[in-house]
Amino acid sequence: MTAAQYIGNKEFELVEGQPCPPGPGEVRLDVGFVGICGTDMHIYHGVMDARVGPPQIIGHEMSGVIAELGEGIEGYQVGDRVVVRPLDYCGDCPNCNAGLSHICQNLKFMGIDSPGAMQKSWTVKARTLHRLPENVSLKQGALIEPLSVACHDVERARLKSGEKAVVLGGGPIGQLIALVAKSVGAEVMVSEVSEVRRQFAADQGVRTVDPISDDLASEVREWTGGKGADVVFEVSGVPAVVEAMTEIAAARGRICMVAIHATPPPVNLFQFFWKELEMVGARVYEAADFDRAIEIVANGEIDLEPFITSVDTLPDIGQAFAHMDGNPAGMKALLSCAIENPS
């Protein structure tokens, strides 16, 4: 069984081992595809070594096929095509008891705090699984996890049909938020400095603005008839954008904080008072967000194929990461891990 271990300093090594037999409540998966996300790139750059503890198998955006069932598994069978919701929660902290296991006080993120999916065989708890419909390919399945992030963000913002939303940041998650927002009937504008990412959004039918060459606040005022955006998604992680988010929001607008800021940015609290703004945080996803993401791909509301920038094999993992490093045109690179001729 081949696995790719991150060993530090932008390097990986292939290791061979035996598949891990599933215990009670577990399943063993033949991994189909694994996506490379922003967190994986942070790991690649070494900024998370203290948490990851290399050597470590990383990766959490994945799809696969059940190869073996542990004791007590019901509702699944060998051959089922699935994705993994990579959250290992304790089930007995105040957050879990309140139904908020996705922000468990003892949460372990699979692929960061424990071995992940960049291997041919991965054994996980069955409670993390979501079944893929036959019309959703394994390649698309590997993008269900980031799409679930977007579904959670839109749900937290309470965005509804007819409202206008501005997405600040046109990376993969920002682009997916824009498409999920469109799927609920909202009008969307993406603010992004990269021309290629603005073009990507435009190709998906999303309005764009360049916040460097254009006056973002003026563009939003004109677009909204002077009202401002009903919802603003902060996805950039750039401190200067935090100032813009309060300026462009409408009276009683909602701001959804999606990005992780390395240092606490200054926030214009006067705007919250003056316009009676709301701000909500959005962290990862819940089970319902995975179900929603699968549903909107299966029914054709969102096409994930344009997001797939490249597909490499597991032995080419170093090439895949290097290609995505500092590449604004790159959305999602996939690694093909175990399945012969996967679809």
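Not measured: the values here are computed from a predicted model.
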Does any donor atom in the side chain of [X] or [Y] lie under 3.5 Å from an acceptor atom in the other side chain?
{"X": "Q319", "Y": "D312", "answer": "yes"}
{"X": "H45", "Y": "D325", "answer": "yes"}
{"X": "S236", "Y": "E234", "answer": "yes"}

Exercise. Atom CE of M48 and atom CE of M41: how far apart are they, to the nearest 0.5 Å?
Worked result: 13.0 Å

Exercise. Rounded to the nearest 0.5 Å, how far does CD of E192 lie from CZ of R197?
Worked result: 6.0 Å

Heavy-atom count around [X] [atom1] within 6.0 Å, excluding the residue itself: above 12?
{"X": "E278", "atom1": "CD", "result": "yes"}
{"X": "Q18", "atom1": "CD", "result": "no"}
{"X": "R252", "atom1": "CZ", "result": "no"}
{"X": "E16", "atom1": "CD", "result": "yes"}
{"X": "Q105", "atom1": "CD", "result": "yes"}
{"X": "E243", "atom1": "CD", "result": "no"}
{"X": "H42", "atom1": "NE2", "result": "no"}

For this session: Determine, step by step, whether D203 and Q199 satisfy the side chain to side chain donor-acceptor pair (under 3.5 Å) criterion, reporting the C-alpha distance in whole Å, the side-chain angles of both residues, the deciding distance to 0.1 Å, and the verdict.
Result: CA-CA 6 Å; D203 290 343; Q199 185 59 54; 2.8 Å; yes

For this session: Please name all residues satisfying ring-ring contact (aromatic ring centres under 6.0 Å, His included) with F273, sequence neighbours left out, ordered by chain then number.
Result: F270

Seminar exercise, completed: Hits for ring-ring contact (aromatic ring centres under 6.0 Å, His included) against F12, two or more places apart or cross-chain, chain-then-number order -> Y6, F321

Would you say [Y] ends up clustered with [X] if hydrophobic residues are merged whenever their side chains have heavy atoms under 4.5 Å apart, either directly or through other cluster members?
{"X": "M62", "Y": "M1", "value": "no"}
{"X": "V193", "Y": "F200", "value": "no"}
{"X": "V83", "Y": "L69", "value": "yes"}
{"X": "I7", "Y": "I36", "value": "no"}
{"X": "V311", "Y": "V34", "value": "yes"}

Where is the tightest heavy-atom contact between [X] and [Y], given as atom of each residue plus distance?
{"X": "L132", "Y": "S63", "answer": "CD1-CB, 4.4 Å"}
{"X": "L159", "Y": "A181", "answer": "CD2-CB, 3.4 Å"}
{"X": "S183", "Y": "E301", "answer": "CB-OE1, 3.5 Å"}
{"X": "E26", "Y": "P22", "answer": "O-CB, 3.5 Å"}
{"X": "G141", "Y": "V136", "answer": "N-CG1, 4.2 Å"}
{"X": "G228", "Y": "T224", "answer": "N-OG1, 2.8 Å"}

Exercise. Could you go step by step and tell me if D230 and K164 meet the salt bridge (Lys or Arg N to Asp or Glu O under 4.0 Å) rule?
Worked result: CA-CA 5 Å; D230 299 296; K164 292 192 174 184; over 6 Å; no

Show me, pair by pair, the donor-acceptor contacts under 3.5 angstrom made by side chains of residues 87-96, not counting sequence neighbours?
residue, atom, partner, partner atom, Å
D88, OD1, K125, NZ, 2.9
D88, OD1, R127, NH2, 3.0
N95, ND2, I103, O, 2.6

Exercise. Can you list the other members of the hydrophobic cluster that holds M245, where links are side-chain heavy atoms under 4.5 angstrom apart?
Worked result: V166, L168, M189, V209, L216, V220, W223, V232, V238, V241, V242, I248, I255, M257, V267, L269, F272, L277, M279

Problem set entry | Cluster companions of V15 among Ile, Leu, Val, Met, Phe, Trp, Tyr (side-chain spacing under 4.5 Å) | none

Exercise. Any sub-3.5 Å donor-acceptor pair from D113's side-chain atoms to M110's backbone N or O?
Worked result: no

Seminar exercise, completed: Contacts of A67 meeting side-chain contact (heavy atoms from CB on, under 4.5 Å) (sequence neighbours excluded), chain-then-number -> R28, D30

For this session: Kindly indicate, with the supporting measurements, whether the criterion ring pair (Phe, Tyr, Trp, His ring centres under 6.0 Å) is fulfilled by H60 and F109.
Result: CA-CA 8 Å; H60 57 271; F109 203 102; 4.9 Å; yes

